[in-house]
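Below is one structure, written out as structure tokens; comments come after it.
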Protein chains: 2
Amino acid sequence: MAVKERMDYIKKQLHSQSYKLTPQREATVEVLLENEEDHLSAEDVYLLVKDKAPEIGLATVYRTLELLNELEIVDKINFGDGVSRYDLRKEGANHSHHHLVCIQCGDVSEIEEDLLGEVEVKVEREWQFKIKDHRLTFHGVCSKCQREKDSTNEEVGRQTVDQL
Amino acid sequence: MAVKERMDYIKKQLHSQSYKLTPQREATVEVLLENEEDHLSAEDVYLLVKDKAPEIGLATVYRTLELLNELEIVDKINFGDGVSRYDLRKEGANHSHHHLVCIQCGDVSEIEEDLLGEVEVKVEREWQFKIKDHRLTFHGVCSKCQREKDSTNEEVGRQTVDQL
DNA sequence: ATACTAAACGATAATCATTATCGTTTTCAT
DNA sequence: ATGAAAACGATAATGATTATCGTTTAGTAT
């Protein structure tokens, strides 16, 4: 399974920067590996890690997630609901990972495809800006909500599209 | 000047939804019109509005910005520095407004051009997602910091690229 | 294996942006 | 002019995140 290899890779990353490998950090990474599609908040991670290591503190979870973000192992993202969420980066792919946020049901789905290749070339050329990373999120109506609206013909109150 | 016309448009928008036009709201919109390029936070707006209307309260500024966001007159955005920022939408253009965030000096500049036309067509077709809006931000090194790095040859500590 | 030291920990207090509350004031249609 | 709904200012409450601090631990050198 790739899970073990990815865990080993992350451990190596920690060691190579002379960070210590603690059971708390290991348990946190495990939780992230087991819930990859879920856009977990720090609180979410905390509750899940407590199953594996009940003595862990919330502050440690925040510290670990911050560390993993600095090591570019996770992306810290914000969908405008007041909490930061943490996504494990796919191996290799370092930044082609976009989101579709439905403004009616609130669901978030992902696009793995790299959509911005040509766009990045253009931006780098025309604005002399060396791109290291990007965030792209679309707000709109998902296919399920489109179908429901068609069938009920009932106008659904439009939710606010706020922060990215 | 276009400022007056935009103000009138915004007043009309408020009235058409039977919101009341108060001096506080007018002063807030004035401040936004006079500081369009500045990505103001609620606190920033509050301090600027106090010059025009010293009796205004911070809560009113938050309420007004929230209202303007719902009316799609401003965009509420998040650059990962812990505060929401409010950008007046350009007239007509309803969502082609992107950001370049420098991970060294922290400067934010804007791209007005619509970069995503073809990308949106593709996303709508392939994911059956009806796009209403999007947020696109690039993180990287601005041209000024690239030049400075070249000349000093000194390694600059990498800042965290976090939310948004 | 033991001892050491910096790093990491848990508990919890502090911070800070944002939101809710509430009694008063104001807008605007009647 | 009047009255009701909306908006206001002041400020308390909330809630996510960060800082503090005394204790514990990982990893290295003895």
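The shown structure was predicted, so the numbers you read here are calculated from the model rather than taken from an experiment. Every chain is numbered from 1 and lettered A, B, ... according to where its sequence line falls, protein lines coming before strand lines. These values consider heavy atoms only, across backbone and side chains, with no hydrogens, waters or symmetry-generated copies.
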Open item on the list: Any base atoms under 4.0 Å from A:E55, or only sugar-phosphate, or nothing? Heavy atoms, all strands.
Closed with: sugar-phosphate

Open item on the list: Less than 4.0 angstrom from a charged side-chain N to a carboxylate O is my criterion; do B:R85 and B:D44 meet it?
Closed with: yes

Open item on the list: Under a plain distance cut-off of 3.5 Å, with no hydrogens placed, do A:H134 and A:E120 share a side-chain donor-acceptor pair?
Closed with: yes

- [ ] For A:E43 and D:dT14, give me the distance from atom CD to atom P, rounded to whole Å.
- [x] 16 Å

Task: Salt-bridge criterion met for A:D8 and A:K12 (N-O under 4.0 Å) - done: no

Open item on the list: Quick check: on DNA chain C, is the nucleotide nearest A:L67 upstream (toward 5') of the one nearest A:Y46, or the reverse? Name the residue that is more 5'.
Closed with: A:L67

Open item on the list: Rounded to whole Å, please give me the gap between CG in A:L68 and C1' in C:dA8.
Closed with: 14 Å

TODO: Could I get the full list of side-chain hydrogen bond (donor to acceptor under 3.5 Å, both in side chains) partners for A:E118, not counting sequence neighbours?
DONE: none

TODO: State, with a plain yes or no, whether a side-chain heavy atom of A:R25 is found less than 4.5 Å away from one of A:L67.
DONE: yes

TODO: Considering non-hydrogen atoms only, spot the tightest contact between A:R135 and A:I77 and give its length.
DONE: NH1-CG2, 3.8 Å

Open item on the list: Tell me whether B:K130 at atom NZ has more than 12 heavy atoms from other residues, nucleotides or ligands lying less than 6.0 Å away.
Closed with: no

- [ ] Using atom OH of A:Y62 as one end and atom P of D:dG15 as the other, report the distance to the nearest whole Å.
- [x] 13 Å

Task: B:L58 CG to D:dC8 P, straight-line distance once rounded to whole Å - done: 13 Å

- [ ] Take atom CZ of B:R85 and atom P of C:dT18, then tell me their distance rounded to the nearest Å.
- [x] 9 Å

Open item on the list: Using the side-chain heavy atoms of A:A59, tell me which of these nucleotides is nearest: C:dA17, D:dA16, C:dT12.
Closed with: C:dT12

- [ ] Measure the distance from CG on B:D81 to P on D:dT18 and round it to the nearest whole Å.
- [x] 12 Å

- [ ] Between protein and nucleotides 22-30 of chain C, map the contacts as a letter string: B base, S sugar-phosphate only, - none, heavy atoms under 4.0 Å, written 5' to 3'.
- [x] -----BS--

Open item on the list: Quick check: on DNA chain D, is the nucleotide nearest A:Y86 upstream (toward 5') of the one nearest B:R25, or the reverse? Name the residue that is more 5'.
Closed with: B:R25

Open item on the list: With a 4.0 Å limit, can you tell me whether A:S18 has a side-chain N or O closer than that to the phosphate oxygens OP1/OP2 of D:dG27?
Closed with: no

Open item on the list: What is the separation between atom CG on B:L40 and atom P on C:dT18, rounded to the nearest whole Å?
Closed with: 13 Å

Task: Separation of D:dA7 P from B:E70 CD (nearest whole Å) - done: 11 Å

